Visitor: 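Shown below is the structure under consideration.
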Number of protein chains: 2
Amino acid sequence: MTATATSTNTSATGRDNRRPQLLDSAARNFCDQGYDAASMRDIAAAAGMKAGSMYYYFPSKEDLLVAVHEEGIRRITDAVNDALAAVEGPWERLRAAIGAHLDVLLGGGDYARVVIKALPPDDSEAHDRLIALRNDYEAIFVRLVNELPLPDGTSRRHLRLLLLGAMNWSQTWYRPAGDDPQAIAEAFVQLIRQGEPQ
Amino acid sequence: MTATATSTNTSATGRDNRRPQLLDSAARNFCDQGYDAASMRDIAAAAGMKAGSMYYYFPSKEDLLVAVHEEGIRRITDAVNDALAAVEGPWERLRAAIGAHLDVLLGGGDYARVVIKALPPDDSEAHDRLIALRNDYEAIFVRLVNELPLPDGTSRRHLRLLLLGAMNWSQTWYRPAGDDPQAIAEAFVQLIRQGEPQ
DNA sequence: GTCTATAGCAAGATAGAC
DNA sequence: GTCTATCTTGCTATAGAC
């Protein structure tokens, strides 16, 4: 008996739970329709289940959204950290991070998109928690921007907000037929980098 | 009989309709709660009316949202055009436009906020129409960016998307206690302008 | 674990009195 | 024009059988 399994197995395969499929389905539905418009029935149906059964895995719709957000943030964070692992130079590192962020956000499936598109109601308990999660992630960019060689008096805070805003808003206008996420990242960095001190 | 009035007056004051109050209330509720979560009952109540009565003015909730968007876009457009009227110089004009956009978006009431925060469902008929409205507005920035003196090879399209994204996303992080919209506009322009050709 | 069935409620919209 | 009353529909969530 391991400490992680709290109950006896009910399936010979060990895959005794369908949380992952439910999360996938929830991510897809929240992304397509928004949090309010997505229904538990539809989410369950897309995972091959009836609505009532979901409550075995998630005690409420809001908990489901929180779980999708956590997974989404985790995926973006991992992608950005992976992209940074082998890159040297402050501008190159910023470019790599923006590229990874845009890759996941624009071409990486539904989880990351939900993080940007579907927030819970402003007054809910989950709201503050998800904002905090996002802030943790954005701390990566605080550091990347702080390491840039910039003229004195440049507002690094506004630079970070400018870039994160531009990145996150790109969901609004991005079309796969246009230039790809890496090209967008390159263009954004060039715009900031113009005339930098050589 | 004028062509614009289609029925006999029913009120001695001439203010025979309460559309404006309903729009105000709708803007406030869509802004605070989002399109789906805002209810026709609440919107009507805030305008001193019962839900059923609203349908005299607006045939559906979606029509109400469209009307709020139209008014929001109109207000942003007017503010930006007013700000541009007296300003010369391409960078100064860009700065003025960003300042006006941010003023309305961050401190100008609910209409403009709804334009950014509350879109109708992706598959609705109203959606395309509101996107088109926004594109018309953003054409102002196409022109402002085209007039900037920039190094050859700079992607003016990406510069515009960068700036509009940063502006619109600012609703997410802006707090009245921090620096004001004009200061943010100044900071954004400085970040792009660094090392411009003198 | 998944089901059926349903409680309990709130929503958008309509009908018709006044 | 605004009301009351209500239709119809959909939702989250729960209860209990299997």
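Every value quoted in this text rests on a predicted model; they were computed, and no experiment measured them.
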Visitor: Roughly, in whole Å, what's the span from OH in Y56(A) to P in dG1(C)?
Guide: 4 Å
Visitor: Report all interatomic pairs (protein N or O, nucleotide N or O of nucleotides 11-13 of chain C) with separations under 3.5 Å.
Guide:
residue	atom	partner	partner atom	Å
dG12(C)	OP1	A38(B)	O	3.4
dG12(C)	OP1	K61(B)	NZ	2.8
dG12(C)	OP2	M40(B)	N	2.8
dG12(C)	N7	R41(B)	NH1	3.0
dG12(C)	O6	R41(B)	NH2	3.2
dA13(C)	OP2	Y55(B)	OH	2.9
dA13(C)	OP2	K61(B)	N	2.9

Visitor: Parallel under 30°, tilted from 30 to 60°, perpendicular over 60°: which one fits the rings of H158(A) and W173(B)?
Guide: perpendicular
Visitor: When the distance from CZ of F58(A) to C1' of dT12(D) is rounded to whole Å, what number comes out?
Guide: 16 Å
Visitor: What heavy-atom pair brings M54(B) and I43(B) nearest, and what distance separates the two atoms?
Guide: CE-CG2, 3.6 Å
Visitor: In whole Å, what is the span from the CG atom of L64(A) to the P atom of dC11(D)?
Guide: 15 Å
Visitor: Check whether any side-chain heavy atom of Q33(A) lies under 4.5 Å from a side-chain heavy atom of P121(B), and answer yes or no.
Guide: no
Visitor: Roughly how many Å is it from CG in L22(A) to C1' in dT2(C), rounded to a whole number?
Guide: 12 Å
Visitor: Report, as yes or no, whether the 6.0 Å neighbourhood of atom CZ on R143(A) holds more than 12 heavy atoms from other residues, nucleotides or ligands.
Guide: no
Visitor: Return the nearest nucleotide to the side chain of K50(B); candidates are dC3(D), dG1(C), dT2(D).
Guide: dC3(D)
Visitor: Would you call M40(A) and L64(A) a side-chain contact if the rule is heavy atoms closer than 4.5 Å?
Guide: yes
Visitor: In whole Å, what is the span from the CG atom of N29(A) to the C1' atom of dT12(D)?
Guide: 15 Å
Visitor: Please report whether the ring centroid of H101(A) lies less than 6.0 Å from that of F188(A).
Guide: no
Visitor: Sequence neighbours left out, what passes ring pair (Phe, Tyr, Trp, His ring centres under 6.0 Å) with H69(A)? Give chain and number order.
Guide: none
Visitor: Can you tell me the distance, in whole Å, between the CE atom of M54(A) and the P atom of dC3(C)?
Guide: 12 Å
Visitor: Just checking, is any N or O donor in the side chain of R95(B) or Q182(B) under 3.5 Å from an acceptor N or O on the other one?
Guide: yes
Visitor: Between the protein and nucleotides 16-18 of chain D, list every N/O to N/O distance that falls short of 3.5 Å.
Guide:
none

